Amino acid sequence: MNETDSAPKAMQRNGIQVIGRAAAILRTLRDDPTGMSLGQIAEKVGLARSTVQRIVAALQDERLVIMLGNGGFRLGPEVTSLAKAASFDTVELCRPCLIELAQSTGETADLSVLRGEQIIFLDQVPGRHRLRTISAVGDVFPLTTTANGKAALSLLATQEARARAGREWDKAGLPDHWSELAPELETIRQDGLAFDIGEHTDGICAVGSAFRAPGGGIHAISVPVPATRFNRERERVITELQNAVRRIKQLLGDQDC
């Protein structure tokens with residue numbers, strides 16, 4: 001192969017690399033809506049500051065990134081436009097997986113979405129046991145004492161997760177206990193699983209796992225179980241929940257699942 005033949009392939013590889021780096025920068029900015037400096041972005045994505053600066057400048061030209069008054073950067077208006085164009089019904093996509101999860105565990109399966117300092121139920125498939133847990137679609141649960149809420153918090157940047165948890169505690173008149181929640185969220189980030197062992201409702205335990213939908217919205221799948229059979233069913237529920245979330249991520253095109 002001569003130099004003329006290899007040049008287009010080298011250019012193609014470089015182009016793909018730039019796209020990958022730009023995507024990593026956009027995802028990093030997505031996770032911190034308050035904005036980040038070039039240095040912070042570079043540290044997060046593992047690239048040289050000069051490289052990040054060139055890519056961010058190109059993204060600015062396309063309105064995918066905008067500069068803030070303090071010199072930081074955040075996602076631009078074109079990202080919202082693209083997200084709207086690619087919008088889809090998360091409930092419709094997740095429904096078959098919820099049905100399979102409820103059938104394989106015999107327990108209720110829930111889909112919820114993060115909104116501010118609340119987790120809101122979007123869909124539910126009831127379990128088949130006579131003793132089962134039911135929440136109505138539209139019900140609002142707190143973030144810091146529920147499996148789906150904590151799973152959703154774990155996908156936020158630490159600063160943002162702390163801010164939302166703090167606002168929840170302030171509204172409820174509760175003391176700040178970030179020192180206890182922070183290590184729990186770190187474990188959830190590592191394992192992908194969050195637990196509520198009677199924290200929100202006495203006698204009910206739950207396991208939850210969260211994922212991001214296109215556009216950056218954070219959703220969670222959770223399985224609440226009466227405490228009387230939770231220990232017996234725990235491992236099976238965890239396995240089936242992980243399978244369900246993995247299938248959902250595959251449907252969303254997540255290459256890392």
Side-chain angles (χ1 to χ4, degrees), residues 24 27-36 40-41 43-46 74-75 90 94 109-122 135 139-202 204-213 215-225 227 230 234-235 237-239 241-246 248-249 252 254 256-257:
R27 292 191 189 100
T28 297
L29 292 175
R30 174 197 66 189
D31 294 339
D32 194 339
T34 59
M36 300 176 71
Q40 290 172 324
I41 298 171
E43 181 179 359
K44 193 75 173 179
V45 300
R74 68 171 177 84
L75 294 180
T90 306
C94 294
D110 296 311
L111 170 68
S112 50
V113 64
L114 176 65
R115 289 285 185 270
E117 289 77 57
Q118 302 171 324
I119 196 85
I120 302 173
F121 284 82
L122 298 178
S135 299
D139 277 359
V140 176
F141 276 17
L143 298 179
T144 61
T145 58
T146 60
N148 48 359
K150 287 186 281 187
L153 277 179
S154 75
L155 293 190
L156 296 173
T158 300
Q159 183 179 1
E160 179 64 17
R162 179 168 190 171
R164 296 199 193 199
R167 289 194 292 268
E168 177 181 297
W169 293 326
D170 285 344
K171 289 179 182 177
L174 298 173
D176 185 297
H177 54 274
W178 178 252
S179 61
E180 298 173 13
L181 182 61
E184 184 177 2
L185 292 182
E186 186 56 38
T187 299
I188 297 169
R189 290 187 184 102
Q190 295 173 6
D191 300 339
L193 293 168
F195 295 90
D196 164 11
I197 309 300
E199 297 170 60
H200 179 250
T201 303
D202 189 34
I204 297 177
C205 301
V207 187
S209 185
F211 61 93
R212 284 188 181 273
I218 296 178
H219 294 71
I221 302 292
S222 55
V223 180
V225 184
F230 181 71
R234 178 184 175 121
E235 293 307 315
V237 168
I238 287 174
T239 298
L241 174 62
Q242 290 174 321
N243 289 340
V245 173
R246 188 178 301 112
I248 290 171
K249 288 182 177 181
L252 294 173
D254 189 334
D256 296 326
C257 61

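Quick caveat: nothing in here was measured; it's all calculated off a predicted structure.
- Gln118 contributes no side-chain N or O that, together with a main-chain N or O of Leu143, makes up a donor-acceptor pair within less than 3.5 Å.
- In this structure, Ala206 and Phe230 approach most closely via the heavy-atom pair N-CE1, 4.4 Å.
- The OG atom of Ser209 sits 9.0 Å away from the CD1 atom of Ile248 when rounded to the nearest 0.5 Å.
- When the shell of 6.0 Å around CD of Gln190 is examined, it contains more than 12 heavy atoms from other residues, nucleotides or ligands.
- The two residues Phe195 and Glu184 make their nearest non-hydrogen contact at O-OE2, 3.9 Å.
- When the shell of 6.0 Å around CD of Glu43 is examined, it contains 12 or fewer heavy atoms from other residues, nucleotides or ligands.
- When all heavy atoms of Val45 and Ala24 are compared, the pair lying nearest together is CG1-O, 3.8 Å.
- Atom-to-atom distance recorded for Ser112:OG and Ile218:CD1 is 11.0 Å, nearest 0.5 angstrom.
- No donor-acceptor pair closer than 3.5 Å links the side chain of Ser222 to the backbone N or O of Val207.
- Atom CE of Met36 is separated from atom CD1 of Ile41 by 6.0 Å, given to the nearest 0.5 angstrom.
- Looking at Arg164, its side chain never comes within 3.5 Å of a backbone N or O of Glu117 through a donor-acceptor pair.
- Proximity of Leu75 to Arg30: side-chain heavy atoms (C-beta onward) are separated by under 4.5 Å at one or more points.
- Side-chain atoms of Lys150 never come within 3.5 Å of backbone atoms of Thr145 as a donor-acceptor pair (strictly under, hydrogens ignored).
- Scanning both residues, Ala161 and Arg189, for their nearest heavy atoms gives CB-NH2, 4.4 Å.
- Under the salt bridge (charged side-chain N to carboxylate O under 4.0 Å, His left out) criterion, Arg162 pairs with no residue, sequence neighbours left out.
- The aromatic rings of His200 and Phe141 sit tilted, their planes meeting at an angle between 30° and 60°.
- Under a cut-off of 6.0 angstrom, the local environment of CZ in Arg167 is crowded, with over 12 non-hydrogen atoms contributed by other residues, nucleotides or ligands.
- Looking at Leu155, Ile120, Leu156 one by one, the single match for side-chain contact (heavy atoms from CB on, under 4.5 Å) with Leu114 turns out to be Leu156.
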### Task
Would you sort out whether Thr239 and Leu241 count as a side chain to side chain contact (heavy atoms under 4.5 Å, CB included), showing the intermediate values?
CA-CA 6 Å; Thr239 298; Leu241 174 62; over 6 Å; no
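- A donor-acceptor contact shorter than 3.5 Å links the side chain of Asp196 to the backbone of Gly198.
- With rounding to the nearest 0.5 angstrom, the CG atom of Asp139 is 7.0 Å from the CZ atom of Phe121.
- Of all the heavy atoms in Pro142 and Ile119, the pair that sits closest is O-CG2, 3.8 Å.
- Looking at Glu199, its side chain never comes within 3.5 Å of a backbone N or O of Thr146 through a donor-acceptor pair.
- Between Asp191 and Gln242, the shortest heavy-atom distance links the atoms O-NE2, 4.4 Å.
- In this structure, Arg246 fails the cation-pi test against Phe211, since its NZ or CZ atom is not both closer than 6.0 Å to the six-membered ring centre and inside 45 degrees of the ring normal.
- Summarising the geometry, atom OG1 belonging to Thr144 is positioned 7.5 Å from atom CG belonging to Leu153; distances are rounded to the nearest 0.5 Å.
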